[in-house]
Amino acid sequence: MQAIQERWLPVWDRLAPFASGRPDDPRPKKYVLDMFPYPSGDLHMGHAEAYALGDVIARYWVQQGYNVMHPIGWDAFGLPAENAAIKRGAAPAAWTYENIEQQKSSMRRYACSFDWDRVMNTCDPEYYRWNQWFFLQMYKRGLAYRKDSAVNWCPTCQTVLANEQVVGGLCERCDSVVTKKKLTQWYLRITDYADRLLDDMQQLEGNWPDKVLLMQRNWIGKSTGAEVQFAVSGRAEPVTVYTTRPDTLFGATFFVVAADSDLAAELAAGTPAEADFAAYLDTVKQFSEMDRLDSSRDKSGVFLHRYATNPVNGEQLPIWASDYVLADYGTGAIMAVPAHDQRDLDFARAFDLPVRMVVEGGEDPLLTGVATADDGPHINSGELNGLDKADAIAAILEILAERGTGKAATNYRLRDWLISRQRYWGTPIPIIHCATCGEVPVPEDQLPVVLPPADSLDLTPKGTSPLGAADGWAVVPCPKCGQPARRDADTMDTFVDSSWYYLRYVNPRDDAQAFAPELANQWLPVDQYVGGVTHAILHLLYSRFFTKVLFDMGLVDFTEPFTRLLNQGMVVMDGSAMSKSRGNLVRLSDELLEHGVDAVRLTMVFAGPPEDDVDWADVSPSGSKRFLARAWRLSGDVTSPVGADFETGDLALRKATHRAVHDAQLAVETYRFNVAVARTMELVNVTRKAIDSGAGPADPAVREAAEAVAVMLSLVAPYTAEDMWQRLGHQPCVALAGWPVVDSALLVEESVTCIVQVAGKVKDRLEVAPNIGADQLEALALAQQSVIAALEGRGVRSVIVKAPKLVNIVPE
RNA sequence: GUCCCCGUAGUCCAACUGGCAGAGACACCCGGCUUAAACCCGGCACAGUGUGGGUUCAAAUCCCACCGGGGACACCA
């Protein structure tokens, strides 16, 4: 096996079967993309699976005659490089490039069908200068801005995080409990694109996993309702609340403002509640994001000794401050309708506040403790009485509009994307802060703003960017006024890098632009994207956002970057994720050494549906190896010459071959790669029999079958397939041999087994012509001795005929 | 708690719009090869589709309930 690997690698290097850059290539294009790896150490089992699957698709389309672009690169910025630098003293760049070289060489040995002319790394200044360029374009368009806000802070990573990087209150990288910190940070205005991110998902329906679309929908979290203004005692301006149930306005019995909002502090000031409020706010601030998410926690709050006036009935509603209302959603204030909102009801019951039902139906929530959310005729609601929910909402919106105290409104859960990071190994933000001129963008002709070398810096996390301490780098003249000014010391979230890398592949060494629009429009959108479901929200949402911005800039003519998405499962061991600490780590290098590249790839592909996890304890790489040897042996047994006329070959074997090719093709196109492998195994088995005890090794059909096996196998086991191809008398590369053309005449069976049932039970089998007529088949079935016996003299009520496969006779 | 997906031989998995439950593989067992074992080759066998109802001439497939597993959402007003 090792010998075969050594033999073919140089040949493939020379022939470069997967180069996709020829401008005069007449083949139609396909873009197959694997999510690019982070270079932390060598490739592992997970990479092996992902790239084996992506390769099946890429190699299949090449066999089908497409000019397939299947590029690879490295998502090379990020914390692990920096942590390695701190721990071992290696410079982040050196550590990163070393790992990239190692992964690259492993991928080459793993025979990934990448176009090696297109390789690029996001940590190269030639790449990240375009991050900076995009940032400036967004800045110009008002899509990049700085604001002071309470942000997510990971105390371990010592940096801020985007909302998307906080999972269940924990940092998605290191699982530390995330805290809040008030900081001025850079944001990208992804919320401007919320509706388009939502609406354009229609294009992806059926081509992306439903699960991913659902997660994105949930994340964007669009809700429709109304904004209603409440006059507040002792305050000139009314306070606006957001509600999805304006129809329950008459059921509002109190009013709540987010404890950590500016409004709460303002309302509490100068009231008897001021001290209580201050104490409460202190306790609220103790809570981590984790605690806050615990919805089983008892409701807490402070009455602010103030009142809000219900605009529809003039009622005075007591204003409370509580942490169950979020400062940064809606307006940070709500009208509480305890009868029809569970959270409000919990609060009302905790503090003995009144509950008034305004929608008929169900029991009194005050007694049951369960708020009713059902539709029904409205009661206790003035003009809304008798109306159902939809009508009541329409009516109340009209009433509020008339009085100028409210209007329809939409809200999103999605927040703007916080991209500043207080770490070193990332893209510097191309802004200069000048005491006189304020924020000044770095002029585009001065890009890239290159990272200063790490060796002169202290990378230890201190909560502020290490770049700020690099005076020689940070202090520059202001581009506007020339006075000394300071560079922005933060670096960008590495998800910025991966939000557009799929565009860079079209001409990765272009130093005049991020990508050539005409090439991008020619190659993109990506026809097939392959990667893990861990990026269901983060990377995929950001990439979709970037694509839409680029569309608006007129740089691309499509609005969605990835037409089809396949989420491969994970490789696990004994039912759980592999990890060193769990002691169930399987090393890819060991497996490759023991079984060979082809067997490992085949095992990954054959293990089951690609979306499912592969449990390495359940699969058999040695079985894969055995099969490959069996297949390979076929190539040595064929004695007919190259170019033998298949048409003269054994018909039964020819049919089996064409059937197998046809079925495998169908299976590959529907992601059922394991089934495609099974069809190949089947063909190997019948070919073996044909050689040993059938048509014999000289029959041209045996050659046809063996060649088909080689081509089918080339998607999964490139070394074995190439070697077979040569032994069959061909020149390399089998990867370019072309998918066998299926002769549909050979798919037609000359006879079909027809099942004859009586009352649904199988009573007989008939060999019939595939084109037999229904009447003829029915007559034939009814004439069978077995049928007559089964009927036991009963009459026939009806006969269901599905020619040519089935007849079911229903007795009286 | 709500919603979604999945339960098929000892194991991993197949089964086109409902139409013979088995394509493929692992393990086991039995043969062959071998002085013997391993490797290798050949072969047999193994479930009636989580449970209980329903629809249908016919259900792994459709519907309902429950059990088990996985996932998404879960103070977003």
Side-chain angles (χ1 to χ4, degrees), chain A residues 168 209-219 221-223 225-226 241-246 248 252 256 258 292-297 299 322-326 328-337 340-344 346-347 370 411-415 533 536-537 575 602-603 606-609 611-624 626-627 629-630 633 660 663 666-667 670 672 674-685 688-689 692-693 753-765 796-802 805-811:
Chain A
D210 290 340
K211 187 172 130 181
V212 174
L213 294 175
L214 177 70
M215 284 168 75
Q216 296 226 348
R217 237 172 240 122
N218 285 338
W219 187 260
K222 181 175 183 169
S223 87
V241 304
Y242 173 73
T243 176
T244 55
R245 292 294 304 273
T248 61
V256 189
R292 203 190 58 73
L293 285 172
D294 179 10
S295 52
S296 63
R297 227 172 75 230
K299 291 281 182 286
S322 173
D323 67 348
Y324 88 90
V325 172
L326 306 178
D328 62 350
Y329 183 80
T331 61
I334 63 151
M335 64 177 207
V337 184
H340 306 294
D341 182 285
Q342 190 60 46
R343 298 152 299 178
D344 296 345
D346 293 343
F347 194 85
V370 179
N411 250 301
Y412 301 88
R413 210 184 90 116
L414 181 71
R415 300 296 142 78
V533 74
I537 297 173
L602 177 68
T603 303
F606 184 55
E611 311 79 23
D612 289 6
D613 288 350
V614 176
D615 194 326
W616 204 248
D618 288 335
V619 295
S620 171
S622 55
S624 299
R626 224 176 303 146
F627 162 71
R630 275 164 53 77
R633 242 176 284 128
D663 287 0
L666 212 68
T670 51
R672 286 147 56 241
N674 54 327
V675 177
V677 170
R679 291 288 101 85
T680 311
M681 290 173 164
E682 222 175 339
L683 182 56
V684 169
N685 292 344
R688 179 81 264 152
K689 281 205 177 99
D692 292 346
S693 55
T753 307
C754 175
I755 302 304
V756 182
Q757 299 177 326
V758 174
K761 303 253 186 317
V762 179
K763 293 297 171 188
D764 214 331
R765 284 151 217 265
V796 172
R797 181 138 61 99
S798 67
V799 181
I800 288 104
V801 183
K802 295 278 172 184
K805 295 182 74 174
L806 180 124
V807 178
N808 188 10
I809 297 151
V810 188

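Quick note on labels: first sequence line is chain A, next is B, and so on, each numbered from 1. Keep in mind that this is a model prediction, so the values were computed, not measured.
- Straight-line distance between the C1' atoms of B:rG31 and B:rG24: roughly 23 Å, to the nearest whole Å.
- Annotation: A:Arg797, atom CZ; neighbour count of heavy atoms from other residues, nucleotides and ligands within 6.0 Å does not exceed 12.
- Contact check on A:Arg245 versus A:Asp341 returns no salt bridge, with no Lys/Arg side-chain nitrogen under 4.0 Å from an Asp/Glu carboxylate oxygen.
- Counting non-hydrogen atoms under 4.0 angstrom, A:Gln757 reaches a base of the nucleic acid.
- Shortest non-hydrogen contact noted between A:Ile537 and A:Gln216 is O-NE2, 4.0 Å.
- Contact annotation: A:Asn685 side-chain N/O to B:rA25 OP1/OP2 distance is under 4.0 Å.
- Using a 4.0 Å heavy-atom cutoff across all strands shown, A:Phe606 reaches at least one base atom of the nucleic acid.
- Here, B:rC57 and B:rG42 have their C1' atoms 43 Å apart, quoted to the whole Å.
- Distance check on atom C1': B:rA27 versus B:rC12 gives 11 Å, rounded to whole Å.
- The minimum heavy-atom distance between A:Gly330 and A:Asn411, with the atom names listed, is CA-ND2, 3.6 Å.
- Taking atom CG of A:Asp341 as the reference point, atom C1' of B:rC75 lies 9 Å away to the nearest angstrom.
- Summary of the strand contacts: A:Ile809 and A:Met681 both lie near RNA chain B, and taking for each the nucleotide with the nearest heavy atom, the more 5' one is attributed to A:Met681.
- Between the CG atom of A:Asp764 and the P atom of B:rC20 there is a distance of 16 Å, given to the nearest Å.
- In this structure the side chain of A:Arg765 reaches within 4.5 angstrom of the side chain of A:Ile755, judged on heavy atoms.
- A:Cys754 SG to A:Asp764 CG: the interatomic distance, rounded to the nearest 0.5 Å, is 9.5 Å.
- Between A:Met335 and A:Thr248, the closest side-chain pair of non-hydrogen atoms falls below 4.5 Å.
- Nucleotide B:rA27 holds its C1' atom 17 Å from the CH2 atom of A:Trp616, rounded to whole Å.
- Using a 4.0 Å heavy-atom criterion, one finds that A:Ser622 contacts no nucleic acid atom at all.
- Comparing B:rC57, B:rC75, B:rA14 against the side chain of A:Val810 picks out B:rC57 as the nearest.
- Residue A:Arg672 has a polar side-chain atom (N or O) positioned under 4.0 Å from OP1 or OP2 of B:rA15.
- Nucleotides B:rA65 and B:rU61 place their P atoms 16 Å apart, quoted to the nearest Å.
- Remark: P of B:rA25 and CG of A:Leu602 are 11 Å apart, rounded to the nearest angstrom.
- Residue A:Lys222 is classed as having no contact, given no heavy-atom separation below 4.0 Å to the nucleic acid.
- In this structure, the nucleotide among B:rG24, B:rC13, B:rA27 sitting nearest to the side chain of A:Ala678 is B:rG24.
- Contact of the A:Ile334 side chain with the A:Asp344 side chain is registered, since non-hydrogen atoms from C-beta on lie closer than 4.5 Å.
- Annotation: the span from A:Thr680 atom OG1 to A:Asn685 atom CG amounts to 11.0 Å, rounded to 0.5 Å.
- The phosphate of B:rG24 has neither OP1 nor OP2 within less than 4.0 Å of any side-chain N or O from A:Asn674.
- Atoms CD1 (A:Ile800) and C1' (B:rC57) sit 4 Å apart, rounded to a whole Å.
- In textbook terms, a nucleotide whose glycosidic angle is within 90° of 0 is syn, and B:rG48 is one such case.
- Distance check, rounded to the nearest 0.5 Å: OG1 of A:Thr670 to CG of A:Leu666 gives 5.5 Å.
- For A:Asp618 and B:rC12, a side-chain-to-base donor-acceptor distance below 3.5 Å is absent, hydrogens and geometry of angles not being considered.
- Atoms CG (A:Leu683) and C1' (B:rG24) sit 13 Å apart, rounded to a whole Å.
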| Please, what dot-bracket string fits RNA chain B when only Watson-Crick and G-U pairs with both distances under 3.5 Å count, crossing ones use [ ] and pairs to another strand use |? | (((((((..((((.....[..).)))..((((.......))))......(((((..]....))))))))))))....

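- In this structure, A:Arg633 reaches the B:rC41 phosphate: one of its side-chain N or O atoms is under 4.0 Å from OP1 or OP2.
- Residue A:Ser798 is classed as having no contact, given no heavy-atom separation below 4.0 Å to the nucleic acid.
- For the P atoms, the distance from B:rA74 to B:rC3 is 16 Å, rounded to whole Å.
- Between A:Thr603 and A:Ser624 the shortest heavy-atom distance is OG1-OG, 2.7 Å.
- Between A:Phe627 atom CZ and B:rC40 atom C1' the separation is 16 Å, expressed in whole Å.
- Listed pair A:Arg630 / B:rG24 fails the phosphate criterion, with no side-chain N or O lying under 4.0 Å from OP1 or OP2.
- Comparing B:rC6 with B:rG10, their P atoms sit 23 Å apart, to the nearest whole Å.
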| task | Classify every nucleotide of nucleotides 67-73 of chain B by which part a protein heavy atom approaches to under 4.0 Å, writing B for the base, S for the sugar-phosphate alone and - for neither, in 5'-to-3' order. | result | ----SSS

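- Note: CZ (A:Arg217) to P (B:rA74) measures 16 Å, nearest angstrom.
- Only the P atoms considered, B:rC4 is 43 Å distant from B:rA45, to the nearest whole Å.
- By the 6.0 Å and 45° rule, A:Lys299 stacks over the aromatic ring of A:Tyr324.
- In this model, the phosphate group of B:rG24 is not approached by any side-chain N or O of A:Arg679 to a distance below 4.0 Å at OP1 or OP2.
- B:rC33 and B:rU49 have their P atoms separated by 43 Å, given to the nearest Å.
- Comparing A:Asp613 and A:Arg797 by the nucleotide of RNA chain B whose heavy atom lies nearest to each, the residue mapping closer to the 5' end is A:Asp613.
- Among the nucleotides B:rG19, B:rA14, B:rA27, the one closest to the side chain of A:Pro609 is B:rA14.
- Listed here is the closest heavy atom pair of A:Thr244 and A:Ser223: CG2-OG, 3.8 Å.
- Within the 4.0 angstrom heavy-atom criterion, no nucleotide atom of any strand lies near A:Val241.
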